[in-house]
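Note that the structure is a prediction, hence the values are computed from the model and not measured.
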Amino acid sequence: MDLSNINSKSFILGAAVSGAIFASILALRCFSKCGGDKAFSTPDQPLRFATAKASNLTRMLDIDAVYEPSYARGKVVLVTGGNRGLGLAIAKEFIAQGSIVYITSRDSFKLEGAAGVISNIDVSDDNCGSAVVLGMKGRKIDILINNAGYFYEPVEKINSLNFAEEKKMIDICALGVLRITSAIHNAGLLARGSKVAVISSQGGSIAWRFTQNPEGHDYGHHMSKAAANMAGVLLAQELRAAGVTVYLLHPGFNKSDMTKKYEAIWEIEGAVEASVGAKRVLHEIGLMKHDKTGSFINCEDGLFIPW
């Protein structure tokens, strides 16, 4: 009998069990830290949508029935990447609710009702933050929404990896959050009581990869969103004492140019128009609490997403 092999297998099994226990403890600690007043969302997207329909879950099926945007009136809001897709829908919804809205755009853009459009902003540029600060002209921000993102369209498999695109996604989706947020905070434009929402994705949950990606794939997208989540949590920790609340928000499955490659499953998985997704985001921003800063929330059902 090969005892060394037995010991090796025992060690591996023991490590796996210990890891599972440790992960469970972390999940419980997170649940307790976040208040214990919400359960975790379901990782299986088709099942989540089917269950919502079967149980007539109003929060997920009809956001207008629970929507509470009154907090937004008169608030100064900055939306990065607010010139298209979900970012544009979020900006328009804040304008409709009486907010003072600024957006950033990579190109020249006009948005009716906006207080300002800060053009030529590429969040992968290390100087983008200072350019946004200049564009705000000293105006303090109540709500910062880090929405600018990038999604490489082709499906990435181990035989079709695109390292340049992976670095681009991480640069935009994760480092972009730091470039913008740090510059605005360091310039004194985030007052005590302000909120920072990072538009992340359920794709950034490592725990959910076992359900949503049982065969792997799409490396860059998931890595970039996991990195964005880490950036958001660390920002939440550092800005806590300054009275700034930071949340990571999965906006839900929205019908947009960015998700068009999944058009075949839009209806199966409950994809909604960007205008509906925007209301979901605004609703959750209104519910952000400072004692739960660093939370990762699914805007579809308002429940937590595990890391």
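- Side-chain atoms of Tyr152 and Glu166 include no donor-acceptor pair closer than 3.5 Å.
- When each of Val77, Val196, Val79, Val76 is tested with Leu144 by the rule side chain to side chain contact (heavy atoms under 4.5 Å, CB included), just one qualifies, namely Val196.
- Counting heavy atoms from C-beta on, the side chains of Ile121 and Thr80 never come closer than 4.5 Å.
- A salt bridge does not link Lys279 to Glu273: none of the charged nitrogens lies less than 4.0 Å from a carboxylate oxygen.
- Within the model, atoms CG of Asp44 and CD of Glu269 stand 8.0 Å from one another, a figure rounded to the nearest 0.5 Å.
- Shown here is Arg106, whose CZ atom has no more than 12 heavy atoms of other residues, nucleotides or ligands within 6.0 Å.
- At distances below 3.5 Å, not a single donor-acceptor pair connects side-chain atoms of Lys225 with backbone N or O atoms of Ser205.
- Between Ser105 and Asp107, the side chains place no donor N or O within less than 3.5 Å of an acceptor N or O (distance only, hydrogens not considered).
- The shortest distance between side-chain heavy atoms of Phe253 and Arg48 does not fall below 4.5 Å.
- The aromatic rings of Phe296 and Trp307 lie parallel to each other, with less than 30° between the two planes, well short of the 60° mark.
- Between Glu284 and Arg59, at least one side-chain nitrogen of the basic residue sits less than 4.0 Å from a carboxylate oxygen of the acidic one, meeting the salt-bridge criterion.
- A cation-pi geometry, defined here as NZ or CZ lying under 6.0 Å from the six-membered ring centre and within 45° of its normal, does not hold between Lys292 and Phe304.
- Look at Arg179 and Asp171 and you find a salt bridge, because one of the NZ, NE, NH1 or NH2 atoms lies within 4.0 Å of a carboxylate O, short of that distance.
- The environment of Leu134 atom CG is dense: over 12 non-hydrogen atoms of other residues, nucleotides or ligands sit within 6.0 angstrom.
- Side-chain N/O atoms of Glu300 and Gln202 include no donor and acceptor closer than 3.5 Å.
- More than 12 heavy-atom neighbours from other residues, nucleotides or ligands sit within 6.0 angstrom of NZ on Lys255.
- Here the NZ atom belonging to Lys195 is positioned 10.0 Å from the NZ atom belonging to Lys289, to the nearest 0.5 angstrom.
- One finds the CD1 atom of Ile103 at 9.0 Å from the CD1 atom of Ile118 (value rounded to the nearest 0.5 Å).
- Counting heavy atoms of neighbouring residues, nucleotides and ligands inside a 6.0 Å radius, atom NZ of Lys157 does not exceed 12 of them.
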